[in-house]
Amino acid sequence: ELKVEQNPLFLSMQEGKNYTIYCNYSTTSDRLYWYRQDPGKSLESLFVLLSNGAVKQEGRLMASLDTKARLSTLHITAAVHDLSATYFCAVVKAAGNKLTFGGGTRVLVKP
Amino acid sequence: GAVVSQHPSRVICKSGTSVKIECRSLDFQATTMFWYRQFPKQSLMLMATSNEGSKATYEQGVEKDKFLINHASLTLSTLTVTSAHPEDSSFYICSARTGTAFTDTQYFGPGTRLTVL
């Protein structure tokens, strides 16, 4: 059974500082996704990572994937208030089509 | 980009009644649709996988007689919560999948908030 763990579960950030969210998964995966969810809303797709060493960046967010370590990171550079949200990673098991979600990381950026 | 709609966005019902939620892919044909539920401050849990014209595949612990899924076409799937109880109150999110086996993408609907009184 595929298990996906995120940490930390909650992250209080100061504006302007850098932070990292970690996503570990337990079995071989075809691809890994990062999503953002604002309160009361559905998911917004941020990144999809397909191969070992993949790195994607959009604005202040950068995601990377290490398939050997079964680890993905979401790095936030110079946090701003607008980044306050819950971030989820989700993994598709090799040869599968179902997403298994991590527990989510609630991010609160304070001035 | 691909758009998935859900209707209704919010529904309040009395205990014992049934509620139907629709999920539509608006500008693409979805090979597969998925239904998730999310309790407050928790993650998304997959309930079932739905393919057009065939029976849905339910995840362990999900009652198929309580959560009826119909996938009538490549653009429409419905989830009916039968004999709803307060513990069924949740945020229900559908997604629609398109693309090839390796490049497929799931597009998420905006969610339906169900409150059972």
Side-chain angles (χ1 to χ4, degrees), chain A residues 1-11 21 23-25 28-52 54 56 58 65 67 84-108, chain B residues 1-10 21 23-25 30-51 54 56-62 90-115:
Chain A
E1 181 192 347
L2 173 60
K3 292 187 179 178
V4 182
E5 291 187 357
Q6 275 181 250
N7 68 84
L9 297 182
F10 177 73
L11 199 42
I21 300 170
C23 174
N24 287 94
Y25 55 97
T28 307
S29 164
D30 274 347
R31 49 203 179 281
L32 186 143
Y33 298 84
W34 284 96
Y35 296 95
R36 168 184 172 141
Q37 186 178 38
D38 291 297
K41 305 287 187 183
S42 189
L43 301 182
E44 174 189 349
S45 179
L46 295 175
F47 303 109
V48 55
L49 302 167
L50 300 177
S51 59
N52 188 42
K56 295 238 179 124
E58 180 74 35
L65 178 62
T67 57
S84 296
T86 299
Y87 293 84
F88 291 97
C89 65
V91 177
V92 177
K93 199 163 107 175
N97 68 352
K98 298 191 294 187
L99 285 170
T100 300
F101 282 83
T105 298
R106 188 163 153 248
V107 167
L108 180 61
Chain B
V3 177
V4 176
S5 71
Q6 275 184 249
H7 179 79
S9 57
R10 288 179 178 272
I21 302 169
C23 176
R24 292 182 186 271
S25 56
T31 51
T32 306
M33 289 184 170
F34 302 86
W35 288 95
Y36 299 85
R37 68 188 295 182
Q38 184 180 31
F39 292 109
K41 295 191 182 352
Q42 293 189 23
S43 187
L44 279 76
M45 298 297 296
L46 179 65
M47 299 174 67
T49 303
S50 165
N51 293 293
S54 62
T57 302
Y58 291 81
E59 295 299 302
Q60 195 170 13
V62 177
S90 188
F91 194 43
Y92 292 87
I93 303 174
C94 73
S95 71
R97 173 178 176 248
T98 185
T100 64
F102 196 68
T103 64
D104 72 284
T105 300
Q106 285 191 34
Y107 297 94
F108 286 85
T112 296
R113 187 161 304 283
L114 170 64
T115 303

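All values below were derived from every heavy atom in this structure, side-chain atoms included, with hydrogens, water molecules and symmetry-related copies excluded. Just so we're on the same page: letters track the sequence lines, and every chain starts at 1.
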Minimum-distance pair of heavy atoms, taken over all atoms of [X] and [Y]:
X	Y	answer
A:F88	B:Q38	CZ-NE2, 3.7 Å
B:F108	A:L99	CZ-CD1, 3.8 Å
A:N97	B:Q106	O-NE2, 3.4 Å
B:F91	A:Q37	CE2-NE2, 4.1 Å

Handout entry: side-chain contact (heavy atoms from CB on, under 4.5 Å) against B:K41, all qualifying residues, sequence neighbours excluded
Key = none

Handout entry: Portion of B:L44 that has a non-hydrogen atom of chain A nearer than 4.5 angstrom
Key = both

Problem - Side chain / backbone / both / neither for B:E59 at chain A, heavy atoms under 4.5 Å - result: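 Answer is side chain: those atoms of B:E59 sit under 4.5 Å from chain A.
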
Handout entry: Set of side-chain hydrogen bond (donor to acceptor under 3.5 Å, both in side chains) partners for B:T32, sequence neighbours left out
Key = B:N51

Practice task
Keeping the roles fixed (side chain from B:S43, backbone from A:G102), state whether a donor-acceptor pair exists under 3.5 Å.
Solution key: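 A pair under 3.5 Å: yes.
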
Practice task
Flag yes if more than 12 heavy atoms outside A:K56 fall under 6.0 Å of its NZ atom; otherwise flag no.
Solution key: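 Counting neighbours around NZ of A:K56, more than 12 heavy atoms of other residues, nucleotides or ligands fall under 6.0 Å, so yes.
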
Problem - Enclosure of B:R113 CZ (heavy-atom neighbours >12, cutoff 6.0 Å) - result: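 Yes, enclosed.
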
Exercise for the section: Name the region of A:F101, side chain, backbone, both or neither, that has any atom closer than 4.5 Å to a heavy atom of chain B. Expected result: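 Both parts, backbone and side chain.
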
